Every structure is written in structure tokens, then in C-alpha cells.
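Everything quoted here is computed from the prediction, not taken from an experiment.
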Amino acid sequence: MDSVTPMPATVPALPPVAAKIPHTRSFHGREFHDDYEWLREKDNPAVREYLEAENAYTDSRTSHLKPLEDAIFGEVKERIRETDMSLPVRAGRYWYFSRTEEGKSYGISSRVPVDDAAPWTPPEIVPGEPAPGEEVILDSNELAEGHEFFSLGAASVTLDGRYLAYSVDLAGDERFDLRIRDLTTGELLADEITGIAYGATWVGDDHLFYQRVDEAWRPHEVWRHRIGTPVDEDVRIFREADEHYWVGVGVTRSERYLLVSAASKTTSECWYLDLGEDGGNVEGELTCVRPREKGVQYDVDHAVVGGEDWWLVLHDSLDRRPNGELGRCPVGTIGDLDDLEVMVAHRDDRRVEGVDVFADHIVLSTRDNAIEKLSLMMLPTDGDGTATGWGTFGPVAFDEELYSAGTTGNSEWRSPVLRVSYTSYVTPGQVWEIDLASGRRTLRKQQEVLGDVDLSRYTASRRWVTAGDGARIPVSLIHRTDVPLERVNPVLLYGYGSYEACMDPYFSVFRLSMLDRGVVYAVAHVRGGGEMGRAWYEQGKELHKKTTFTDFIDVADDLIAAGMTTPERMVAEGGSAGGLLMGAVANMAPDRFAGIEAVVPFVDPLTSILMPELPLTVTEWEEWGDPFHDPRVYDYMATYAPYENVTAQRYPAILAVSGFNDTRVLYVEPSKWVAKLRETALPTSGEILLKTDMSSGHGGVSGRYAKWHQTSFEIAWELDLMGATERL
């Protein structure tokens, strides 16, 4: 485009200025004039030139932060054991684990044979030292060599341990190419499947099931491949034509049933294939468990009790059981969900989130008062270990108020132990093993934090903030014990609030570098998320979306009113849909913050949601509403879409971070937003910066060291604005 002014080779004293090329979007008789829509032309050299000029400008304007960035990177590197390994997980006749090695950016996958003398005791392996009989099955460092970006998708081994299926993404666009390796010979087979979605599911010893994506990057088909046959002979076993639905595939832990799911944001449907007792019925026909019903979501898992095959059915409906209910019925098709035998009844104050089924026990996951909780049911068994009846659920208790727990690494159908992961804001990640016969717990793995770190110096608590409409918003506060909340402190306020996603407690080595500089790290669990049940989500979506934004502002106001911080010392952060939150808050309450960081931010939502050809768009209509067909939704989204509501006011400092190959939130959204802010904001506004990684996607840069550097840069930017650059 000749009308685009080329960017100078040297870094300008003033920020780059994007060319303005008139463009008008017309829908429902409404027109929106957009001078920066040309930035969507990814193949236009002027677009890349502009983004690289923005990167050069950001580098020049943040060069003073380099010592702080390096200091944070050094602190993180000092605290992480770079040569480490995961806890081995038993699958079939092997224990599988991954290693990291100092100086290498990616993991190494290995295995050792099971010791028949102690079949359920994990092998004692020393990080950095080869184990007896260890076999390296995949070295991601070798796969990543010579590529600017690398991401591993599938890494799945057949039950007999012979074949490994793995897939890689070398562009950041989340489209994967899959290969198969014979682990007995080390040979890479000729089988190669390109352009597929995440994941791969083995059935038996030689059949692989995978998902293909459509032009909008929607997983819409399930295919079956047999090792050694041409890919063009693969068989499509399922296709979903409705663009609202994504397709998934998996196998029950019992290995008896192949399950295919089709799910939108509000409705789901399951299909199954009985593989037979020997797993040989791979090429049979799928059967629908229950036809989809608008507003009803359900999922099934397989249990064997009393010699019968049972479905455990987790289901919810928007009008009757919004928080979910668990029932059971014999395997087969399901009619009325009211006819199920109820195992866990619906409650208004508890969300039923998941069920995990084993030969002689069942694990239930629920969410209570914003915290995920686990319950365990032991099934009575006969002398052969076969379940003869049902039991009752009892809680798996933990001591801390704020924590996250879940099952992990339990691949075997029959196992005498249950593994549970545990972490909190102040407790590094742990893996506990529960002996199912005695109930005794053994700590098998704990994330090490090296260096001069005393974890007792940090604390976390819950604060409840009353929103303007009376709702009580949970807020997590993490800080050092010698940083009193009764005084003015630097505060980082984080939020998300979409897709019923829950911002659960987790430990972060990076966060320590903020806490050690006196920062209070606050997480606002605003509506649109799922922390307080399905109603919490429904109150922050579609035509109620602005509740997410006002909740976040109410939390900020509460922290200021409590004397915990001031607008001059508070920075807000959010990413993706949380980046939409950041963009909306920047327009609605710019005076509450010294700075706002928006990571891969969804800041031009109306333009994107009006383009059905884009990845995710049609499926998103049940989250945001459908402005393409409904003028009401169009008008509502137009009132909050960040890009369209930039006005001539004083904005805080803003840092927008994106990836050029992002397929979820296209780079063009933050690019246009920054250009519009620069054009419109008052001269007294804070500095507005854009940083685009030119080789990555939605997940950011690849490789752990590159990620550490990127995160250290972002933290340095935030600390500088909060006036918290010095360690306590």
C-alpha cells in the first residue's frame, strides 16, 4: 500500500504513527469508521514494518528497565532448579517422566521399566543423572533446533509401549504436524499427519484417533488412522457441521469405550463406541448417548460395579440445574435426565465440576465458596478387586484457606494409590500419594525454591468486596507478612472474568520478585468467571458483560478506600479475554491506575465477532452474544468495545503485548488499539507502548528462558510504575 508511510530505520524520538486509511464497517444500519483496519493485512510489508518500528520504540523507551529486568531474571533463575525432573507416572509396563537440563529450553521425555518387585513404588531417579534402564523417547530440544518457535502438542504412547505419537507447532498458530516413532527400533515411521488440532488418542496397539480443524481453526472432525497405512486412507468417524460446536475425542480409563464429544458454550452431546473387552472393536459405529438439547450440558464416564457397566453422568441445565448434578445409569442411550439415579444432587451454593472414575474408587471435584474441593468414594470390592457396590463420598481435606487441588498422573484403571496435586499462593506445587487402603498420604514431589527464600514470610488471605448491585466479590490478597495491608502499598490487581474460567490459587516464583519489593498482589475474582458457581458466570456474559468491568473497578475502589493503595501506586493486568477487561477499564476508570498491562488483549471484540470466517468467532456468539444477526447485541457490545470507545481523556501508561501468529486474538486488535489511543488520548496521558513478538502466537514466546526474559520485562515495567523497584 503506497499510502502507508514507511517507518524510518533509526528509532524515532516520537512514537511511530500508523497511517490512516478510511474504512467503514456497516451492520444493521450502523456505521463505524475505522482508520486502522488496514493493519489486518498480515502479508502487507508495511504492517510488519510498522510493528517492528513499534517494537524498536518500546525497546528504546524501556531501556532504563534493563537492569531491573536482568535482576528479576537472575532472581528467578536462582530460585528454579534448572536440572530437574517430573514425578514418574506409571502407564502400562513403564514409568514415564520428563527432564529439564540447565541451559536447555525444552523438556526431555524418558521412561524406565516397572520393577515387578515393587510395581507401585516410583523409581528413585536423581535429576541430571541417567537412571538404570532409562530410555529417552523424545527430546524437544532436538525438535526445536533451528526454529524460532516450538510447541509440543501430543506426546502419547500405545498401551504396549511400542509406538509414540507426537505433534509439533513451529509457527505459533496452533496447527500441529504429527509423526509416529517406533520406540523398539527408534525408527521414525512414514506416517505423517499435518495441520491437525492438539492431541492424539491411541486405541489398541496400532490405531490412532485425531481431530482435524476447519478454516476457522475449529476442531470439527475425528479421524482414525492405522499405523503403516497411507494418510489418505484414514477414515473420518465423526463430523460436526454446526459451527457453534467443537469436537473432542478420548478413551475411558477402563479402555472399554471411545468417547466423542461435541460441545458449544451452553450445549453438549456425547457419542460412544464399545471397543469390546479386548479393545478390538476399533472400527465399529458410534452411538449417541443422548441427543443435544439447547442449554443442557452433559458428560459421561465409565464405571464397572456389580458386574455391570455404568455411565456416570455429570450434567447441568441453565434453567433447572445450573450448578450441575451427578447421576448414574447403565451404559447405553439416555432419555430423560430426571430418570438418572442421583449420586450428587444439585445445590445453589456448590458447583459440581468433574468426576474421575477408577476400578474401585471415584473422585469428585466440586467448587465451594470459590475454592475447588475433592471428595473420594471407595467402592466395596470382592476378593478379586472387582467393585460389588457403591460407596459414599468423603472429603479430601487440606489445611490452607486458599488452595488448588486436583487429581494428576493417575493413568491406570486399577491402582492402590491416588495421586493429588496441591498448591497455593504461598505453597509451591506438590504431588501427594494417598494409599487407598489406609488413607495414609505420602509427599512424592515438591517444587523446589532455591536461594535465600523463606516461604514463611509470605501470606495469602481472602477479602470480600461489595459490588454496586450488592454482589460479594472474592478478592485474593498475597503479600509479605512484613507488609501491612493497613497502609498504602504498591498493588498489582489482576483479573480475567470470562468463559466461566476460575483464577485458582497457584504458586509463582515470578510473583516472589514482586512481593519482595513490597507489592500486594491482588486477584479480583469478578463475574464472568466461575469461582462462585454458574450464576456468577451468567451474570458476566452476553448482555451482562459490563458487570465484569464494573466488578473490577469496584474492587479497585475498595482497595483505595481501605487505604491499602492509591491510584498512583496501583497497576492492573489481564490477558486475552482479561485483556478485554483491561481495555474496558482503561476507558471507564483510567484514573484508578498508574498503568495497565494488556497481554494478547481482545480489545476489538465487535469487529472480530462480526467476522464468522475468523477462528473462534461463531463459537463465541454464546459467550458474548451474536452481533452479526442481533442488533441488540451489536448495540450493547458497541457500548463497551475498548477500541471503539477510546476518547479524548487522560489514560494511564499502557503496555500491550501480542504475538504476530496468534490465531485466538489476532495481533491486529492490540495494534489498532494502540494506534487509536495514541491518536486520541490527551497529551497528559501515560506512555502507550506496543510489543509484538513476530514469531509466536497466543501463548507468547517459546522456550523457558525466553519466557523468563519476557515475563521479567513485563514485571519490571509494572514495578517501575508502582514505584517498587527496590527490594525490601
With a 3.5 Å distance limit and no angle check, can you tell me whether [X] reaches the backbone of [Y] through a side-chain donor-acceptor pair?
{"X": "Ser424", "Y": "Thr427", "result": "yes"}
{"X": "Asp115", "Y": "Pro119", "result": "no"}
{"X": "Lys42", "Y": "Phe660", "result": "yes"}
{"X": "Ser415", "Y": "Val417", "result": "yes"}
{"X": "Ser658", "Y": "Pro670", "result": "no"}
{"X": "Asp504", "Y": "Glu372", "result": "no"}
{"X": "Asp191", "Y": "Gly228", "result": "yes"}
{"X": "Thr692", "Y": "Met694", "result": "no"}
{"X": "Ser411", "Y": "Arg90", "result": "yes"}
{"X": "Arg179", "Y": "Ala165", "result": "no"}

Does [X], at its [atom1] atom, have more than 12 non-hydrogen atoms belonging to other residues, nucleotides or ligands within less than 6.0 Å?
{"X": "Asp232", "atom1": "CG", "answer": "yes"}
{"X": "Glu613", "atom1": "CD", "answer": "yes"}
{"X": "Glu233", "atom1": "CD", "answer": "yes"}
{"X": "Arg704", "atom1": "CZ", "answer": "yes"}

Considering residues at least two apart in sequence or located in another chain, which fulfil the side chain to side chain donor-acceptor pair (under 3.5 Å) criterion with His220?
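Per chain and number, His220 pairs via side chain to side chain donor-acceptor pair (under 3.5 Å) with no residue.
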Non-hydrogen atoms of [X] and [Y] that approach each other most closely:
{"X": "Ala656", "Y": "Val674", "answer": "CB-CG2, 3.9 Å"}
{"X": "Thr58", "Y": "Phe713", "answer": "CG2-CZ, 4.2 Å"}
{"X": "Thr423", "Y": "Gly429", "answer": "OG1-N, 3.8 Å"}
{"X": "Ser702", "Y": "Glu148", "answer": "OG-O, 3.9 Å"}
{"X": "Gln211", "Y": "Ile196", "answer": "O-CB, 3.3 Å"}
{"X": "Trp202", "Y": "His207", "answer": "CE3-O, 3.3 Å"}

Step by step, work out the ring pair (Phe, Tyr, Trp, His ring centres under 6.0 Å) result for Tyr198 and Phe176.
CA-CA 7 Å; Tyr198 288 95; Phe176 293 84; 4.6 Å; yes
Minimum side-chain heavy-atom gap [X]-[Y] below 4.5 Å:
{"X": "Val114", "Y": "Trp95", "result": "yes"}
{"X": "Val363", "Y": "Leu418", "result": "yes"}
{"X": "Arg224", "Y": "Val282", "result": "yes"}
{"X": "Ser254", "Y": "Arg414", "result": "no"}
{"X": "Val657", "Y": "Val600", "result": "no"}
{"X": "Glu240", "Y": "Phe238", "result": "yes"}
{"X": "Leu259", "Y": "Val251", "result": "no"}
{"X": "Gln447", "Y": "Val509", "result": "yes"}

[X] side, atom [atom1]; [Y] side, atom [atom2] - distance, nearest 0.5 Å:
{"X": "Arg79", "Y": "Leu450", "atom1": "CZ", "atom2": "CG", "result": "10.5 Å"}
{"X": "Asp173", "Y": "Asp662", "atom1": "CG", "atom2": "CG", "result": "10.0 Å"}
{"X": "Leu258", "Y": "Ile237", "atom1": "CG", "atom2": "CD1", "result": "5.5 Å"}
{"X": "Leu164", "Y": "Ile180", "atom1": "CG", "atom2": "CD1", "result": "9.0 Å"}
{"X": "Ile715", "Y": "Glu573", "atom1": "CD1", "atom2": "CD", "result": "8.0 Å"}
{"X": "Leu666", "Y": "Phe602", "atom1": "CG", "atom2": "CZ", "result": "9.5 Å"}

Could you give all pairs that pass the ring-ring contact (aromatic ring centres under 6.0 Å, His included) test and reach residues 137-167, with sequence neighbours left out?
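Those involving residues 137-167 are Tyr106-Phe150.
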With sequence neighbours excluded, give me every ring-ring contact (aromatic ring centres under 6.0 Å, His included) pair touching residues 62-88.
Phe73-His709
Please confirm whether [X] makes a cation-pi placement over [Y], using NZ or CZ under 6.0 Å from the six-membered ring centre and within 45° of the ring normal.
{"X": "Lys691", "Y": "Tyr57", "result": "no"}
{"X": "Arg511", "Y": "Tyr521", "result": "yes"}
{"X": "Arg444", "Y": "Trp432", "result": "no"}

Salt bridge (Lys or Arg N to Asp or Glu O under 4.0 Å) between Asp205 and Arg162, worked out:
CA-CA 8 Å; Asp205 298 332; Arg162 178 173 180 180; over 6 Å; no
For Tyr458 and Asp516: C-alpha separation, side-chain torsions, deciding distance, then whether side-chain hydrogen bond (donor to acceptor under 3.5 Å, both in side chains) applies.
CA-CA 9 Å; Tyr458 309 98; Asp516 284 347; 2.7 Å; yes
Verify whether one side chain among [X] and [Y] offers a donor that lies under 3.5 Å from an acceptor in the other.
{"X": "Gln446", "Y": "Tyr422", "value": "no"}
{"X": "Thr663", "Y": "His698", "value": "no"}
{"X": "Trp708", "Y": "Gln710", "value": "no"}
{"X": "Ser671", "Y": "Arg40", "value": "no"}
{"X": "Ser608", "Y": "Glu669", "value": "yes"}
{"X": "Asn661", "Y": "Tyr667", "value": "no"}

Short N-O contact, [X] and [Y], less than 4.0 angstrom:
{"X": "Asp43", "Y": "Arg48", "result": "no"}
{"X": "Arg99", "Y": "Glu134", "result": "yes"}
{"X": "Arg664", "Y": "Glu174", "result": "yes"}
{"X": "Lys445", "Y": "Asp84", "result": "yes"}
{"X": "Arg517", "Y": "Glu75", "result": "yes"}
{"X": "Glu82", "Y": "Lys77", "result": "yes"}
{"X": "Arg93", "Y": "Asp160", "result": "no"}

For Ser695 and Asp693, run side-chain hydrogen bond (donor to acceptor under 3.5 Å, both in side chains): C-alpha distance rounded to whole Å, both residues' side-chain angles, the deciding distance at 0.1 Å, then the answer.
CA-CA 6 Å; Ser695 63; Asp693 186 83; 3.2 Å; yes
Ring centres of Trp413 and Phe358 under 6.0 Å apart?
no
